[in-house]
Enquirer: 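So that we are looking at the same thing, I have put the structure below in structure tokens.
Reminder, nothing fancy here: chain letters follow the sequence lines and each chain counts from 1.
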Amino acid sequence: MAQQVQERYEDSKLYKIRHSAAHVMAQAVMEMFPDGKVTIGPPVDNGFYYDFDLPRNLTPEDLEQIEKRMRQIVQSKHEFVRKVVSADEAREIFKDQPYKLELIDGLEKGGLDEYGNPLNEKPEISIYQQDTFTDLCRGPHVESTKDIKQDAFKLMTIAGAYWRGDEKNKMLQRIYGTAWESKDQLKEYLNQLEEAKKRDHRKLGKELEIFIFDDEVGPGLPLWLPNGGILIEELEKLAKEMEDKAGYDRVKTPILTKEDLFLRSGHLPYYAESMYAPMEIEGVKYYVKPMNCPMHHKIFGSKGRSYRDLPVRLAEYGTCYRYEKSGELFGLMRVRSMQMNDAHIYCSEEQFEQEFMGVVALYRKYFELFGIEKYVMRLSLHSKQGLGKKYVDNERLWLKTEEMVRRAMDNGGVPYVEREDEAAFYGPKIDVQVWSAIGREFSLMTNQVDFAVPERFDLKFTNKEGADEIPLCIHRAPLSTHERMVGFLLEHYAGNFPVWLSPEQVRVISITDAQNEYVENIAKQLRESGIRAHADLSSQRMNAKIRQAQLMKVPYMIVVGDNEMQAGQVSLRVRDGSQQNNIPLAEFIARAKDKISRRASEL
RNA sequence: GCCACCAUAGCUCAGCUGGUAGAGCAGUCGAUUCGUAAUCGACAGGUCGUCGGGUCGUAGCCGACUGGUGGCUCCA
């Protein structure tokens, strides 16, 4: 049977609608600001944007005006007319548009597309015109503005964006819009955004009392509340179990170290702008660690190592501190204090593939456990321009290690994509891109090769021939940081954690206070069985107690009235609303313990 | 860090164009003892993020700062 090939977004009608809507928006903006400069305006996921350089900043009221004008333009049924022009003709048409002239130069040289990315062949230069607006554009577009439904698009937000995405360039004003084929689709999309807000980890984190931020503590420095503490401990317990099976050793290292260590490691030359400023004690500068690796290198180097000892796998749950620029902070997903699920594997070149893929296998176990289905493994490579600046200056070793990773992944049959200029300063890495349930993308796990720093620390082991050899180091964080992992899981589960992760696993509810003693006793028995349980003895009605437990997303509610008390049994209400009456407590305990010990996803 | 926006009680929010603050929930106290998502009443709670300016006077105006949000850049 012929396989249905999914249409590429670029070829879809929606893409054309959005691209065309961007042009219509540009027309409306240019009518408002005749001296404004246009740049680029492509379709993106769910919509489109257009970047402008305007004489003044846009206001939300402007947005309304622009949107209103767009509706008029759209209804006037103007055709999108394409025309191929020479570079010089284009220069004449866009003589007042400096950004367009820059783009034309790029196109003419055949070097760069509108984003500044290299192009393989020299493209045709085309323009599109609708009504009074002409844009340098390769298309494609819908036939006429009437193909953009006047009630199926909406301008969303104004944002700043650097010209060509480079922070050294001028900041432009970007307007984001969304556009769909029909009003219903638009409504559906706006609805989705509302739903997404509900499972935002920042909102859930507050509601479920997982973490807080406090102005006086500082930006990007989360305070974990008791419920969050439990999540972290459970994740750690999981990671430690996995690492124990895989032959890791655990170490502990200090948060502060002398400048010398980071000079040697290369962090100060390559990574200083992500580090907190040093503090000076007794004339010596100390830095707060952004990574654990230099200390682990010291531990590896603290005694002679034989090839028989390798691989050495040192794990640590140390908290690292990185100076992330204020605008980059984002809830738990991007913080300044982070607890790493960190380890460094020191191995020989022959062992590399097995060790590296062992980590990848670990990822996959986690994917399965958490039910993460959508992810992309990304092989992050160096860039030639970055050598000596962002990356240690040894092109030969870069190419060699990158090829080693590629081979390992290929041999293991693990699909991945490659991205240039995304590596760590000391080597290439595999980052796992995931999408939270509300569509946010970020990298979670990471698996990095370090061919540079062990040498700077004079790390060595004695090989079979009796000669010194420098080990490779694999930096890995399969659970990412606890902060990001918890943020991800909050959104992933919408706060409905599986039993093993739930901060409160059972709430025991009395119907009247005649059962309070019995209920307290049940809670105690549950806790003695290793189940996190609380009794609700308040004088509220049962319905209110249940509601509160539901809002806190407690997986199991044990409800006890006179009937249960007399029969010596309990009634179980599960978070999903299902209910099971008159079961012996021992039976429930067995069920709960089973789900917890298996880390089952079902309740 | 850059652009824009936002900041009122523990939480969620109301407070029209300036005339010195209000609700619901949570909290405390009292009453209620009730069968699977909110029992009733009373009380208490805020120098309206901070600092400065303008005004006879502001939580609403202006500025700076702090923190947050949407983006850009960056990233686990």
Side-chain angles (χ1 to χ4, degrees), chain A residues 49 51 57-60 62-63 156-176 197 200 202-203 206-207 209 212-220 273-274 290-291 320 322-336 338-342 380 390 422 424 429 431-434 442-448 475-485 487-488 509-516 538-552 557-564 571-575 577-581:
Chain A
Y49 69 79
D51 286 348
N57 286 331
L58 291 166
T59 64
D62 292 331
L63 222 55
M156 304 299 282
T157 178
I158 308 163
Y162 301 106
W163 167 236
R164 292 205 148 153
D166 187 335
E167 65 180 324
K168 291 193 260 319
N169 287 342
K170 180 158 190 188
M171 176 145 295
L172 307 168
Q173 295 194 70
R174 174 173 297 180
I175 304 177
Y176 277 98
K197 273 189 202 159
D200 187 309
R202 292 165 297 187
K203 184 170 156 68
K206 196 181 276 183
E207 288 169 357
E209 298 182 8
I212 53 168
F213 286 97
D214 185 281
D215 292 0
E216 276 182 299
V217 175
E273 65 173 32
S274 295
M291 295 181 192
C320 295
R322 294 183 190 170
Y323 170 65
E324 305 285 347
K325 293 190 221 160
S326 57
E328 292 163 351
L329 300 173
F330 178 73
L332 282 182
M333 303 300 197
R334 196 76 183 277
V335 291
R336 285 179 175 167
M338 64 205 85
Q339 203 183 341
M340 317 278 286
N341 167 228
D342 201 12
S380 300
K390 279 169 78 175
E422 295 282 347
K429 55 180 180 171
D431 286 325
V432 182
Q433 303 299 116
V434 298
F442 44 89
S443 49
L444 210 56
M445 295 89 170
T446 186
N447 195 10
Q448 320 180 339
H475 304 233
R476 40 115 281 177
L479 282 182
S480 179
T481 62
H482 291 342
E483 287 75 12
R484 187 170 282 185
M485 195 68 199
F488 170 79
I509 292 168
S510 56
I511 293 181
T512 73
D513 48 15
Q515 298 92 40
N516 280 359
S538 64
S539 67
Q540 297 172 95
R541 296 178 55 197
M542 177 202 64
N543 276 326
K545 295 187 191 184
I546 286 178
R547 177 160 193 274
Q548 273 159 21
Q550 286 285 159
L551 289 174
M552 290 306 279
M557 283 152 266
I558 293 287
V559 181
V560 172
D562 272 338
N563 298 339
E564 286 81 1
S571 163
L572 170 66
R573 178 189 164 102
V574 185
R575 187 173 57 202
S578 67
Q579 188 177 334
Q580 207 178 334
N581 292 332

Enquirer: Just by distance, do the side chain of A:R322 and the backbone of A:P290 share a donor-acceptor pair under 3.5 Å?
Expert: yes
Enquirer: Nearest to the side chain of A:E422, which nucleotide is it out of B:C75, B:G35, B:U73?
Expert: B:C75
Enquirer: Please state the C1' separation for the pair B:A4 and B:U17 - nearest whole angstrom.
Expert: 25 Å
Enquirer: Are A:K429 and B:A76 close enough that a side-chain N or O sits under 4.0 Å from OP1 or OP2?
Expert: yes
Enquirer: Using atom P of each nucleotide, how far apart are B:A64 and B:C74 to the nearest Å?
Expert: 28 Å
Enquirer: Do the side chain of A:R334 and the base of B:C74 come within less than 3.5 angstrom through a donor-acceptor pair of N or O atoms?
Expert: yes
Enquirer: B:C62 and B:G18: how far apart are their P atoms, nearest whole angstrom?
Expert: 11 Å
Enquirer: Under 3.5 Å, is there an N or O donor on one side and an acceptor on the other linking the side chain of A:E564 and the base of B:G35?
Expert: yes
Enquirer: Of all the nucleotides listed (B:A37, B:U39, B:A76), which has the minimum atom distance to the side chain of A:R547?
Expert: B:A37
Enquirer: With a 3.5 Å cut-off and sequence neighbours excluded, list the donor-acceptor pairs that the side chains of residues 326-336 of chain A form with protein atoms.
Expert:
unit_1, atom_1, unit_2, atom_2, d
A:E328, OE1, A:K325, N, 3.1
A:R334, NE, A:E324, OE1, 3.3
A:R334, NH2, A:E324, OE1, 2.7
A:R336, NE, A:E324, O, 2.9
A:R336, NH2, A:E324, O, 2.7

Enquirer: If we take the P atom in both B:A21 and B:U50, what is their distance in whole Å?
Expert: 16 Å
Enquirer: Any donor-acceptor pair under 3.5 Å linking the side chain of A:K170 with the backbone of A:W163?
Expert: no
Enquirer: Is there a donor N/O on one and an acceptor N/O on the other, under 3.5 Å, for the side chain of A:S539 and the base of B:U33?
Expert: no
Enquirer: Establish, from distance only, whether the side-chain atoms of A:Q540 and A:Q548 form a donor-acceptor pair under 3.5 Å.
Expert: yes
Enquirer: Would you say A:Y323 reaches B:G1's phosphate, i.e. side-chain N/O to OP1/OP2 under 4.0 Å?
Expert: yes
Enquirer: When you compare B:C48 with B:A9, how far apart are their C1' atoms, in angstrom units rounded to a whole number?
Expert: 10 Å
Enquirer: Can you tell me if the side-chain N/O atoms of A:K325 get under 4.0 Å from OP1 or OP2 in B:C75?
Expert: no
Enquirer: Is A:R573 close enough to B:A37 that one of its side-chain N or O atoms is under 4.0 Å from OP1 or OP2 there?
Expert: yes
Enquirer: Rounding to an integer number of angstrom, what distance separates B:A31 and B:A14 when you compare their P atoms?
Expert: 37 Å
Enquirer: Within the structure, does a side-chain N or O atom of A:Y176 lie under 4.0 Å from either OP1 or OP2 of B:C72?
Expert: yes
Enquirer: Considering only atom P, compute the distance from B:G10 to B:A26 and round it to an integer number of Å.
Expert: 16 Å
Enquirer: Can you sort out the partners of A:F442 under ring pair (Phe, Tyr, Trp, His ring centres under 6.0 Å), two or more places apart, ordered by chain and number?
Expert: none
Enquirer: Less than 3.5 Å between a donor and an acceptor, one on the side chain of A:E324 and one on the base of B:A76, is that the case here?
Expert: yes
Enquirer: Answer with base, sugar-phosphate or nothing: what part of the nucleic acid does A:D513 contact at a heavy-atom distance below 4.0 Å?
Expert: base
Enquirer: What distance, rounded to whole Å, do you find between the two C1' atoms, one in B:U20 and one in B:U8?
Expert: 14 Å
Enquirer: Given B:A37, B:U36, B:C3, which nucleotide is nearest the side-chain atoms of A:N57?
Expert: B:C3
Enquirer: Does any donor-acceptor pair link the side chain of A:N563 with the base of B:G35 at a separation under 3.5 Å?
Expert: yes
Enquirer: Scan every strand shown for a Watson-Crick or G-U wobble partner of B:U28, both distances under 3.5 Å, and answer none if you come up empty.
Expert: B:A42
